[in-house]
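Have a look at the structure below, then the notes.
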2 protein chains.
Amino acid sequence: MASQTVENYIKAIFQISEKEGGMVSTSDLALHLGTTAASVTDMLKKLADQKAILYQRYKGVNLTHDGNAMAIQLIRKHRLWETFLHSKLDISWDEVHEIAEELEHVKSKILIDKLDQFLGNPKFDPHGDPIPDSHGKFTLRSQQPLNQVSIGQTVKMVGVKDHDQSFLKYLDSIPLALDHTITVKECIDFDKSMVIQINHLNEHTISSKVSENILVKL
Amino acid sequence: MASQTVENYIKAIFQISEKEGGMVSTSDLALHLGTTAASVTDMLKKLADQKAILYQRYKGVNLTHDGNAMAIQLIRKHRLWETFLHSKLDISWDEVHEIAEELEHVKSKILIDKLDQFLGNPKFDPHGDPIPDSHGKFTLRSQQPLNQVSIGQTVKMVGVKDHDQSFLKYLDSIPLALDHTITVKECIDFDKSMVIQINHLNEHTISSKVSENILVKL
DNA sequence: AATATTTTTTAGATTTGTCTAAATTTTATC
DNA sequence: GATAAAATTTAGACAAATCTAAAAAATATT
């Protein structure tokens, strides 16, 4: 079994179950991986043989302890590479994901530990997502979507919910980025769009779809 | 056809033909790639269909212009990654090759250009091998094996011929590394072993097998 | 609860890179 | 130049990951 394929399945199971909670269905996996339900069923049987997942026919799938640890190490690698690409190579936050999808499959353990050290053991990636440490521990942070912030409050942007390239590019164009200060000036009742002030300077109007996908703290 | 497999074949053909000169035989490739002659024959037919190689049954194989360019870009990627691993992550020169074998297959063009820039457009990798620039141009350098240096001369180490991990580790243990100054003190006629002085300090005796594989200049 | 719909699995086929063993071609030797 | 040895290719098979179409199971609807 190609290790890259295994890793992609494990990561997909982790991510779907994190978002949806509980068991992951065959069709969700097929959708997420861009393949068919039949292929997924075939692969799940093999992964179950390897004790990476718990698989019940017609019910769905769960990661085992080992599978979970594998997924977290993959996420660690992915986010460390994203951080490297952004902070050292100056590649924009909307481009780093795709490249990191390849880099995360490089196997060397020493590589990732040295990379972590080189980057100064960062706790968050360029999108504000937490980077698990070598033991798999995430740094958690209180955060809420911008649309829940009341008028007059000033908050700091710490992450994004949506990771689509088009959304990230749009934020760049405002420009709105991690660690920027946002003051909520107005909220239009009709469509929940918001007028915000960025870094105490320029004002912008953003739709509710945008404010829902921006994570802030304080 | 898996692009990684194609790349490994192309690189192997380039490297063997660089070392041996001329056409590359099926069995040489099989040996180099750790596979069988039959498998190589199968693959060569596919590569020829893709116009990456010129293949004549029973005669051997040559890279086309395109195949050559592909090989050089792979070597560029490999050596840039080796440089990154060594100079930024502080991974020893005997360990970088294996990791770079994986990293070189990551596809992003922007990644490799940014990496090159981040490293300061290095001309040589941690083993002293030249890094082709983005147009595929190598920086050449006059160099000769240490065993050809006469007694009394002082030279600078600029590379190694042998890249085996055991050889590199041995050099580290002396310690002998790139840019070190070497003065030839003696040469034993019987076995061509040499007494050398390193950086005008300590003296060491090295066998002819070692001196043949150390490249120096001046 | 019976039936219709959706989801999942199985069956059987395909593609890719590989293998072994046999056949063929080339090269070396007498 | 005939024959033996070595290298290469072909033939046929296999494992892995995928697919489509059909069958089976679970879920939703009336």
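In what follows, every heavy atom counts, from backbone to side chain, and hydrogens, waters and symmetry copies are set aside. In what follows, every chain begins at residue 1, and chains take the letters A, B, ... in the order their sequences are listed.
The separation between Asp42(A) atom CG and dT20(D) atom P is 13 Å, rounded to whole Å. Regarding Leu44(A), its CG atom lies at a distance of 15 Å from the C1' atom of dA16(D), rounded to whole Å. Taking atom NZ of Lys59(A) as the reference point, atom C1' of dT6(C) lies 15 Å away to the nearest angstrom. At whole-Å resolution of the value, OH in Tyr58(B) and C1' in dA6(D) are 12 Å apart.
Set against dT9(D), dT10(C), dC19(D), the side chain of Arg57(B) has dT9(D) as its closest nucleotide. Between dT20(C), dT18(D), dG17(C), one nucleotide has an atom nearer to the side chain of Lys46(B) than all others, and that is dG17(C).
OP1 or OP2 of dT9(C) has at least one side-chain nitrogen or oxygen of Thr41(A) nearer than 4.0 Å.
Of all the residues in residues 22-37 of chain B, Thr35(B), Thr36(B) reach under 4.0 Å from DNA chain C with at least one non-hydrogen atom.
Listed by chain and number, the residues in a side chain to side chain donor-acceptor pair (under 3.5 Å) with Ser108(A) amount to none (sequence neighbours excluded).
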**Message:** Evaluate Glu104(B) against Lys11(B) for side chain to side chain contact (heavy atoms under 4.5 Å, CB included), listing each step before the verdict.
**Reply:** CA-CA 11 Å; Glu104(B) 73 187 12; Lys11(B) 216 179 63 161; 2.9 Å; yes
**Request:** Step by step, work out the ring pair (Phe, Tyr, Trp, His ring centres under 6.0 Å) result for His163(B) and His127(B).
**Result:** CA-CA 8 Å; His163(B) 288 65; His127(B) 311 106; 5.3 Å; yes
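Where Ala38(A) and Gln56(B) each meet DNA chain D at their nearest nucleotide, the meeting point lying more 5' is that of Gln56(B).
Taking 4.0 Å as the cut-off between side-chain N and carboxylate O, Glu102(B) and Lys107(A) count as a salt-bridged pair.
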Distance-only donor-acceptor pairs under 3.5 Å for side chains of residues 28-37 of chain A, two or more places apart:
from: Thr36(A); atom 1: OG1; to: Ser39(A); atom 2: N; distance (Å): 3.3
from: Thr36(A); atom 1: OG1; to: Ser39(A); atom 2: OG; distance (Å): 2.9

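Taking the centre and axis of the six-membered ring of Phe118(A), the NZ or CZ atom of Lys88(A) falls inside the cone set by 45° and 6.0 Å.
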